[in-house]
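Quick notes on the structure that follows.
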Amino acid sequence: MVLKKNISLYSNHLQNYGQHVSIEKGKIEQYSKRPYPILPHFLYLRSSKHLYPMTLEQTLANALANALKSLYNITIDADPKLIQPTRKEFQGDRTIVVFPYLKTAHKTPDALGKEIGDLLCQSLDIIQSYNVVKGYVNISIRDSFWTNHIASYYNDTSYGIATPIEEAPILIEYSSPNTNKPLHLGHVRNNLIGLAVSRIVQACGHPVVQVNLVNDRGIHICKSMVAWLRYGNGETPESSGIKGDHLVGNYYVAFDKHYKEEQQQLLAQGCTPEEAEQQAPIMLEAREMLRKWEAGDPAVRKLWQQMNEWVYNGFDQTYERLGIHFDKIYHESETYLLGKTLVEEGLNKGAFYRHNDGSVRVNLESEGLDEKVLLRKDGTSVYITQDIGTAQLRQEEYHPQKMIYVVGNEQNYHFDVLKLILDKKLERPFGNSIYHLSYGMVELPNGKMKSREGTVVDADDLMDAMHEEARLSTEALGKFQFSPEEADKLYEMVGLGALKYFILKVDPAKNMLFNPEESIDFNGNTGPFIQYTHARIRSLLRKADEQQLAWQDALPSNMVLDDEERTLAKMLHLFPGTVAAAGENLSPAILANYIYDLAKQYNHFYQETPILKECDTFKRQVRLQITALTALTIRNGMQLLGIDVPERM
């Protein structure tokens, strides 16, 4: 399965949205105020055409198909992808390429284009004019189409959000932390992508179940437990004043420190590096603790529950601040036994085999992969064991049409193996429903982060730093006086908005460098720039209401837009289609960059076009309606990204 990547907002995804229209006596009559996007192709969903309103592109494609049939007896599918946005250097809004029909029609490109253009103008009143350039029919849409769109949606709070479809849910797993350390910058990117993708897919009309799989058992957890027993002296979050997940993370770092020291001692005694790694006493203690945990040792289980509870309390605080919530939280400790049962099933029927060392493995060489350990030689499980069990459990609980895993690209191979094991080896067809939303690493200007060495940037510390950066930057604007409570809320909104937007504007597949100083800039491609634009617009609309301007009245049908108005109206028309494109490609970056382009275009409009001071009543009215829809679009778009926007700054 291949997803389209690196698409342009203004290219072949424009067909994903439009109005369901009927042309009657020169008027555009809307049948739906909730546009439906074309269904994401990767979801394998039903595609009954009656479910979806007709797009502008579909309207033109239907007219093209009718014209070709009428003029030349050429039969084509009325595919909206035949209608492309007109290139900027040419006049027009949408373009039809006529070259595929030249041979059958026995016409020159210009002659064919003119005949098609003439018939389209006769059949569709929304077409203002057309021109033909070397086989390209460039169509200009009447201003009444754009003004009607603006007037229909500027006060529709659901603009861009499709009506929910009744169908099996799409299950999206993200976060998936280990309970041996706090969430860090890498987790932040994971959570922000997962939240935004969940909201965007839901905005496309699909039911979504957001889930989290907490890796709460395993050797990494035992490392923190061993270090706490050795060096903790009974320390707790309450006694130390340290947030629970941070406290446990400190002992994970302490384990690594002492593990390295013990390895050096063994090396000095003549051991090889491999022997030192295996025989270090602290590592032997951790492995023995894992064995006891799986055997249900009461003392080990009690300590494990206590330390995990500290971590959960810490996670909850971080999630709340990020605006994250889950419909269901799974725990590896509750799913790994089902995974072991399924591994035994595969072993019994010959899909897996027992290695000479006693481990259970699967050979996937015939599928182009490698050999994979499913159970260690001591019988303990590995990551893929619990993933097998968790997938089975989710299938039984939700029967999802798709299971999307938001996990870093270092796990690409892992998910290839998981799907093959479920589908081919265990004969669970739902294995094909698994999709790995692979994302790149996030780094800071000073390099990579390593949890065990304590060089990570904790999510909590990062959010605190962004809050402070927002305070300094916002106060520098000096344009409004807030109460201390209002100011603190604004700094949090701007700081987290900067963090979230900077991460989400980058395509998930790409590695990225997070620069805190750059992210908070009020003049660049940043969250604060978009937030400030929204606040400026809301201020303008408040002034219009204070002056009792009647800007919400109906516009005349013959309203003529100037270039600035028309450009912004066309951009606003793209919003629902952009949401659909972001959902189809599981890429919040598509939506994020559209919102920035819109905010930038509005700022240009604001600088170049009088609004409140415009003397012409209808001109002022359409500009205020455009302004209102811009604010609504920014708000809805940013909310889909998990970002709040202020009413004033």
Side-chain angles (χ1 to χ4, degrees), residues 14 16-22 27-38 51-59 126 141 143-165 199-206 530 533-535 537-538 540-542 544-545 549-557 559 561 565-583 591 594-595 597-599 601-602 605 611 618 620-641 643-645 647:
L14 289 174
N16 286 345
Y17 170 68
Q19 296 176 91
H20 186 183
V21 297
S22 172
K27 295 182 180 180
I28 301 175
E29 179 180 337
Q30 293 184 312
Y31 287 168
S32 172
K33 296 198 71 177
R34 296 289 179 83
Y36 290 91
I38 287 178
L51 291 174
Y52 309 103
M54 190 180 300
T55 66
L56 170 62
E57 283 69 28
Q58 187 66 66
T59 300
I126 61 172
I141 303 299
D143 283 347
S144 58
F145 180 88
W146 310 116
T147 57
N148 185 75
H149 180 83
I150 297 296
S152 298
Y153 290 103
Y154 74 84
N155 62 355
D156 184 350
T157 57
S158 297
Y159 181 56
I161 311 300
T163 302
I165 305 168
R199 291 187 174 187
I200 290 168
V201 170
Q202 193 167 32
C204 291
H206 311 302
I530 297 170
T533 300
H534 180 268
I537 293 174
R538 294 302 302 163
L540 179 64
L541 292 173
R542 285 193 297 272
D545 290 338
L549 300 177
W551 59 275
Q552 300 185 30
D553 294 340
L555 295 169
S557 59
M559 183 82 190
L561 300 176
E565 295 163 349
R566 189 178 299 108
T567 297
L568 199 49
K570 291 178 183 179
M571 286 195 70
L572 290 165
H573 183 269
L574 297 177
F575 175 58
T578 303
V579 174
L591 178 58
Y594 163 82
I595 298 169
D597 288 340
L598 176 63
Q601 184 63 42
Y602 183 83
F605 172 80
I611 300 177
F618 292 126
R620 183 174 64 237
Q621 185 175 326
V622 75
R623 290 171 186 175
L624 283 169
Q625 289 186 9
I626 288 173
T627 296
L629 185 55
T630 301
L632 183 62
T633 301
I634 289 175
R635 174 177 290 276
N636 287 358
M638 293 290 267
Q639 285 181 344
L640 293 181
L641 298 177
I643 302 172
D644 293 325
V645 289
E647 288 291 303

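- Here the straight-line distance linking atom CG of L629 with atom CG of D156 works out to 9.0 Å at 0.5 Å rounding.
- The minimum heavy-atom distance between A569 and L561, with the atom names listed, is CB-CD1, 4.5 Å.
- One finds the CZ atom of R635 at 12.5 Å from the CD1 atom of I595 (value rounded to the nearest 0.5 Å).
- When each of T533, L568, I530 is tested with L598 by the rule side chain to side chain contact (heavy atoms under 4.5 Å, CB included), just one qualifies, namely L568.
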So Y153 and H573, ring-ring contact (aromatic ring centres under 6.0 Å, His included) or not? Walk me through it.
CA-CA 10 Å; Y153 290 103; H573 183 269; 8.8 Å; no
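- Q552 contributes no side-chain N or O that, together with a main-chain N or O of Q625, makes up a donor-acceptor pair within less than 3.5 Å.
- Taking the ring pair (Phe, Tyr, Trp, His ring centres under 6.0 Å) definition, one finds that F618 meets it with nothing, sequence neighbours left out.
- Residues G637 and L591 come closest through the heavy atom pair O-CD2, 3.6 Å.
- Taking the six-membered ring where tryptophan is involved, the planes of F575 and Y594 are essentially parallel, since the angle between them stays under 30° and well short of 60°.
- Evaluated for a side chain to side chain contact (heavy atoms under 4.5 Å, CB included) with T630, the options T627, T633, I634 yield exactly one hit, I634.
- In plain terms, the two heavy atoms of S144 and S557 that are nearest each other are CB-O, 3.6 Å.
- Within the 4.5 Å cutoff, the side chain of H206 has heavy atoms near those of the I165 side chain.
- Of the inter-residue distances, the one linking M559 atom CE with I150 atom CD1 reads 11.5 Å to the nearest 0.5 angstrom.
- Y154 and L632 make their closest contact through O-CD2, 3.7 Å (heavy atoms, listed as atom of the first residue, atom of the second, distance).
- The closest donor-acceptor contact from the side chain of R199 to the backbone of Q639 lies under 3.5 Å.
- Two residues are said to be in side-chain contact when any heavy atoms from C-beta on lie closer than 4.5 Å; L541 and R538 meet this criterion.
- Between the side chain of N636 and the main chain of T157, a donor-acceptor pair closer than 3.5 Å is present.
- Applying the salt bridge (Lys or Arg N to Asp or Glu O under 4.0 Å) test to pairs two or more places apart or on separate chains, those with a residue in residues 566-581 are D93-K570, D143-R566, D563-R566.
- Rounded to the nearest 0.5 angstrom, L555 CG and Q621 CD are separated by 4.5 Å.
- Between C204 and G583, the shortest heavy-atom distance links the atoms SG-CA, 4.2 Å.
- Checked against a 6.0 Å centroid threshold, the rings of Y602 and H534 do not count as neighbours.
- For the pairing with W146, the side chain to side chain contact (heavy atoms under 4.5 Å, CB included) check across L572, V622, I141 returns one residue only, I141.
- Contacts of A544 classified as side-chain contact (heavy atoms from CB on, under 4.5 Å), with partners at least two apart in sequence or in another chain: L549, W551, L612, L624.
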